[in-house]
Amino acid sequence: MRKLSEYVEMAATEYLHETGRVELDPRWIAEFFQDQGVLDDYPLLDLVAFHGLVQKALDVKSERANKQAQRHIEKVMDVVRRRRRK
């Protein structure tokens with residue numbers, strides 16, 4: 001039996017790879033919930049709660065990606081500024 005956090009991370013990662021979106025599709029998560037065995041391993045967990053956990057994981061991944069992209073942009077801008085000064 002997998003940990004619930006493993007299912008959440010697996011769902012978030014798979015969803016991002018399949019769709020490229022961070023807004024979780026209810027039909028997609030319902031299929032994942034049933035087909036990947038989450039329902040079997042956690043029969044008392046409802047789909048709405050699982051959806052919320054996966055959406056939160058997607059939001060965290062999105063925030064991290066945005067921060068990383070911003071850092072890269074800032075690095076590029078620093079290089080451009082240095083070259084202009086020369």
Side-chain angles (χ1 to χ4, degrees):
M1 180 160 110
R2 290 187 174 143
K3 291 181 179 181
L4 182 58
S5 60
E6 290 175 2
Y7 279 119
V8 169
E9 186 63 28
M10 188 169 64
T13 301
E14 190 173 318
Y15 185 75
L16 276 176
H17 285 293
E18 283 184 19
T19 67
R21 295 182 290 148
V22 292
E23 187 64 35
L24 189 56
D25 180 358
R27 288 181 296 268
W28 189 94
I29 198 62
E31 287 178 19
F32 182 91
F33 187 73
Q34 186 174 8
D35 296 346
Q36 296 299 320
V38 182
L39 185 58
D40 297 331
D41 287 347
Y42 296 93
L44 299 178
L45 178 68
D46 70 3
L47 177 57
V48 175
F50 186 67
H51 179 282
L53 292 171
V54 175
Q55 184 62 60
K56 185 175 180 179
L58 286 169
D59 293 342
V60 168
K61 286 179 179 287
S62 175
E63 286 179 30
R64 285 183 187 154
N66 286 338
K67 286 179 183 179
Q68 186 177 15
Q70 187 62 37
R71 282 193 300 269
H72 287 308
I73 290 170
E74 288 171 2
K75 286 180 183 179
V76 169
M77 293 304 294
D78 286 344
V79 170
V80 169
R81 287 182 194 121
R82 281 189 224 134
R83 287 187 178 175
R84 285 185 180 171
R85 289 180 193 161
K86 290 182 179 183

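Along the sequence shown, residues are numbered consecutively beginning with 1.
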| request: For K75 and D78, run salt bridge (charged side-chain N to carboxylate O under 4.0 Å, His left out): C-alpha distance rounded to whole Å, both residues' side-chain angles, the deciding distance at 0.1 Å, then the answer. | output: CA-CA 5 Å; K75 286 180 183 179; D78 286 344; over 6 Å; no
| said: Would D46 and F50 count as a side chain to side chain contact (heavy atoms under 4.5 Å, CB included) here? Give the steps. | reply: CA-CA 6 Å; D46 70 3; F50 186 67; over 6 Å; no
| request: Not counting sequence neighbours, which residues clear side chain to side chain donor-acceptor pair (under 3.5 Å) with D25? List them please. | output: none
| field | Qualifying ring pair (Phe, Tyr, Trp, His ring centres under 6.0 Å) pairs with a residue from residues 66-85, counting only residues at least two apart or across chains | value | none
| remark: Closest heavy-atom pair, A57 versus V8, reported as atoms and distance to 0.1 Å, is CB-CG1, 3.9 Å
| remark: V80 meets the side-chain contact (heavy atoms from CB on, under 4.5 Å) criterion, sequence neighbours left out, with V76, R84
| query | Once you round to the nearest 0.5 Å, how far does CD of E14 lie from CG of L16? | reply | 10.5 Å
| Sequence neighbours excluded, which residues qualify as side-chain contact (heavy atoms from CB on, under 4.5 Å) partners of K3? | S5, E6
Can you give me every donor-acceptor pair (side chain of residues 28-43, partner residue at least two apart or in another chain, under 3.5 Å) with its distance?
{"unit_1": "W28", "atom_1": "NE1", "unit_2": "E18", "atom_2": "OE1", "d": "2.7"}
{"unit_1": "D41", "atom_1": "OD2", "unit_2": "Y7", "atom_2": "OH", "d": "2.4"}
{"unit_1": "Y42", "atom_1": "OH", "unit_2": "R2", "atom_2": "O", "d": "2.8"}
{"unit_1": "Y42", "atom_1": "OH", "unit_2": "L4", "atom_2": "N", "d": "2.9"}

| request: Identify whether Y15 and V48 are in the same connected component of the hydrophobic contact network (ILVMFWY, side-chain heavy atoms under 4.5 Å). | output: no
Side-chain donor-acceptor pairs under 3.5 Å in residues 59-68, sequence neighbours left out?
{"unit_1": "D59", "atom_1": "OD1", "unit_2": "Q55", "atom_2": "NE2", "d": "3.0"}
{"unit_1": "K61", "atom_1": "NZ", "unit_2": "E9", "atom_2": "OE2", "d": "2.6"}
{"unit_1": "K61", "atom_1": "NZ", "unit_2": "T13", "atom_2": "OG1", "d": "3.3"}
{"unit_1": "N66", "atom_1": "ND2", "unit_2": "S62", "atom_2": "O", "d": "3.4"}

